[in-house]
Amino acid sequence: MTKGDAAEVEHHRLVIAGSGIAGLTAAIYAARSNNEPLVLEGTEPGGQLTLTTEVDNYPGFPEGISGPELVNNMKAQAKRFGATVKNRVVKSVDASERPFRIELTSGDVITADAFIAASGASARTLGIPGEDDLMGYGVSTCATCDGAFFRDQEMVVIGGGDAAMEEASFLTKFASKVYLVHRREEFRAEDYWIDRVNEQVEEGEIEILRNTEVTEIHGSPEDGVSHVTMIRHPEGHPSEKLDDPATEKFDFETGAVFLAIGHTPNTAYLEGTGAKMDDAGYLITKDGKGAQQTATDVPGLFGAGDVVDFHYQQAITAGGMGCQAAIDADDYLEELDRENRAKEQVAAPESDD
Ligand SMILES: Cc1cc2nc3c(=O)[nH]c(=O)nc-3n(C[C@H](O)[C@H](O)[C@H](O)COP(=O)(O)OP(=O)(O)OC[C@H]3O[C@@H](n4cnc5c(N)ncnc54)[C@H](O)[C@@H]3O)c2cc1C
């Protein structure tokens, strides 16, 4: 295969970008429909679930299952039915003609009749010491997933938008107390969430630490998070005022730190395809009821999982959308086959018989 040489470009009936729950579920269904999917794993093979040691809410595993084991099982299942999985990253997709022309970061180019974007969303992180080492060991980006592991402990939630408010409110189910840490005085969350959190502040379930930032997370993978270091300045954004004498630094004991500073959908490679995205970059699909719910407004391009869904962001919902996308892609490909057969019949010379 040579770059850009149409004669030698490798062609696939269906290419799936992403090897998280959505991509692998799509691959299982697509392979069983004889669409011979090629899964391109991206830079995070297995997706976000590989960051968690325990998944307790995925149906079918009464004792829970580790994230890596769950995705490895799915990958094996997809391969069993004929899916090909390659460690490649999509750089761009050209949807101006068919088949789709897909450029990989390796420099290779492949083509596909249909394309499923299952490239997920990456949780934003702070880039502070301790964060990477303790991710999955007391540091989490998903309260719904991990809150129950820290029952009866004091928990820290970092953020100032709707997600942070919602997570802080949700975690009161488990926490002995939730500390909501926000770097400014004012929250940018909707009034609904601010009112709800304020009610829980009055009930003593949540305490708000305003004008405060976490600068380091301490602990070990064996024992989890022990405490965090915070800084505070009365006018907010303390990390920008480290030399100001009004900036105070202190340690704070906690068993869990939840980062709720947003997600970035992995859709940059789809720019230029004409696929509609919302202001945050999430892919917009047809949705609603009936067939083709995962279709984008580019025929043959489908979206599934966290790359579309900014709200539920769960393994089971991502898997459900992956299944839908594979079925929608199958319908599209069958229609394409019918059209091609009809064109061939028109083009074929009449028989002498
Ligand atoms: C720490 C943590 C714990 C969690 N725990 C749970 C839990 O217990 N239960 C639960 O239900 N949910 C949990 N979640 C949420 C769950 O992981 C996600 O909802 C789910 O993984 C979304 O699946 P996805 O396939 O849509 O995307 P992702 O898992 O984000 O996968 C995206 C895939 O796309 C690939 N990709 C990205 N860009 C490209 C590209 N340009 N080319 C090719 N591939 C690309 C990536 O490499 C990756 O393989 C957790 C999330 C986190 C972060």
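Note that ligands are numbered from 1 as they come in the structure, with each ligand's atoms numbered from 1 the same way. One is the number of the first residue; the rest follow in order along the sequence.
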Against heavy atoms of [X], which atoms of ligand 1 measure under 4.0 Å?
X	answer
G42	43 (C), 44 (N), 45 (C), 47 (O)
L40	43 (C), 44 (N)
A118	32 (C), 33 (C), 34 (O)
G20	25 (O), 29 (O), 31 (O), 33 (C), 49 (O)

Task: Those residues that, when tested against R338, pass salt bridge (Lys or Arg N to Asp or Glu O under 4.0 Å) (two or more places apart) - done: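 Applying salt bridge (Lys or Arg N to Asp or Glu O under 4.0 Å) to R338 gives E335.
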To check your reading of the model: name the closest protein heavy atom to [atom], its residue, and the distance in Å.
atom	result
atom 23 (O) of ligand 1	A318 CB, 3.5 Å
atom 20 (C) of ligand 1	D306 OD2, 4.0 Å
atom 3 (C) of ligand 1	T52 CB, 3.6 Å
atom 17 (O) of ligand 1	L49 CD2, 3.3 Å
atom 41 (N) of ligand 1	V90 O, 3.1 Å
atom 52 (C) of ligand 1	T141 OG1, 3.8 Å

Using heavy-atom distances, let me know which of [options] sits nearest [atom].
atom	options	value
atom 11 (O) of ligand 1	A117, A143, A315	A315
atom 50 (C) of ligand 1	A148, C145, A22, G64	C145
atom 28 (P) of ligand 1	E54, K86, Q48	Q48

Taking 4.0 Å as the limit for heavy-atom contacts, which would you say applies to [X] with ligand 1: side chain only, backbone only, both, or neither?
X	value
S119	both
N57	side chain
M135	neither
A123	neither

Open item on the list: Salt bridge check, R183 against E213: does any charged N sit closer than 4.0 Å to a carboxylate O?
Closed with: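 No, this pair does not count.
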TODO: Considering only NZ, NE, NH1 and NH2 on the basic side and carboxylate oxygens on the acidic side, decide whether R32 and D330 come within less than 4.0 Å.
DONE: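 Here R32 does not pair with D330 in a salt bridge, since their nearest N and O are not under 4.0 Å apart.
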Task: Qualifying residues under side-chain contact (heavy atoms from CB on, under 4.5 Å), relative to K173, sequence neighbours excluded - done: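 Expected list: F170.
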TODO: Might you point out which heavy atoms bring A315 and L49 nearest each other, and give the distance in Å?
DONE: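 The pair with the smallest heavy-atom distance is CB-CD1, 4.0 Å.
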Open item on the list: Checking F302 against Q292 for the side chain to side chain contact (heavy atoms under 4.5 Å, CB included) test, could you report, in this order, the C-alpha distance in whole Å, the side-chain angles of both residues, the deciding distance, and whether it holds?
Closed with: CA-CA 9 Å; F302 303 87; Q292 296 293 306; 3.3 Å; yes
Task: Proximity of F310 and H263 rings by center, below 6.0 Å - done: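 Not close enough - the centres of the two rings lie 6.0 Å or further apart.
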